[in-house]
Amino acid sequence: MTLLRTRGYFLRTTDHPERGDVPGWVMITLMSAVLVAALLAIASPALEGLFNEAINRVSP
């Protein structure tokens, strides 16, 4: 990060080569969250059945 002094104020320049693409990372994060939520919505009945079956086998 480079600071430039102009009229008594410091301005930050954003020309750092490894700054990254913030909107791209936001989109990837949101798409991942939506994918996990969709998979959970589809698989929750099967996971619930597996859990109930496992609990029934352990309990007397």
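As a basis for the values below, the full set of heavy atoms in this structure was taken, side chains included, without hydrogen atoms, waters or symmetry mates.
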- [ ] Quick one: name the residues clustered hydrophobically with Phe51, using the 4.5 Å side-chain heavy-atom rule over I, L, V, M, F, W, Y, and just say none if it's on its own.
- [x]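 So far as hydrophobic clustering goes, Phe51 is joined with Ile55.
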TODO: Just jot down the side-chain contact (heavy atoms from CB on, under 4.5 Å) partners of Leu35, sequence neighbours excluded, or say none.
DONE: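 Only Leu39 meet the side-chain contact (heavy atoms from CB on, under 4.5 Å) criterion with Leu35.
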Task: Residues forming a side-chain contact (heavy atoms from CB on, under 4.5 Å) with Val34, sequence neighbours excluded - done: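 Val34 satisfies side-chain contact (heavy atoms from CB on, under 4.5 Å) with no residue once adjacent residues are dropped.
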TODO: Could you pull out all residues at least two apart from Glu48 that satisfy salt bridge (charged side-chain N to carboxylate O under 4.0 Å, His left out)?
DONE: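 Salt bridge (charged side-chain N to carboxylate O under 4.0 Å, His left out) list for Glu48, sorted by chain: empty.
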Task: Ser32: which of Thr29, Leu30, Ile28 passes side chain to side chain contact (heavy atoms under 4.5 Å, CB included) - done: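 Exactly one candidate clears the test, Ile28.
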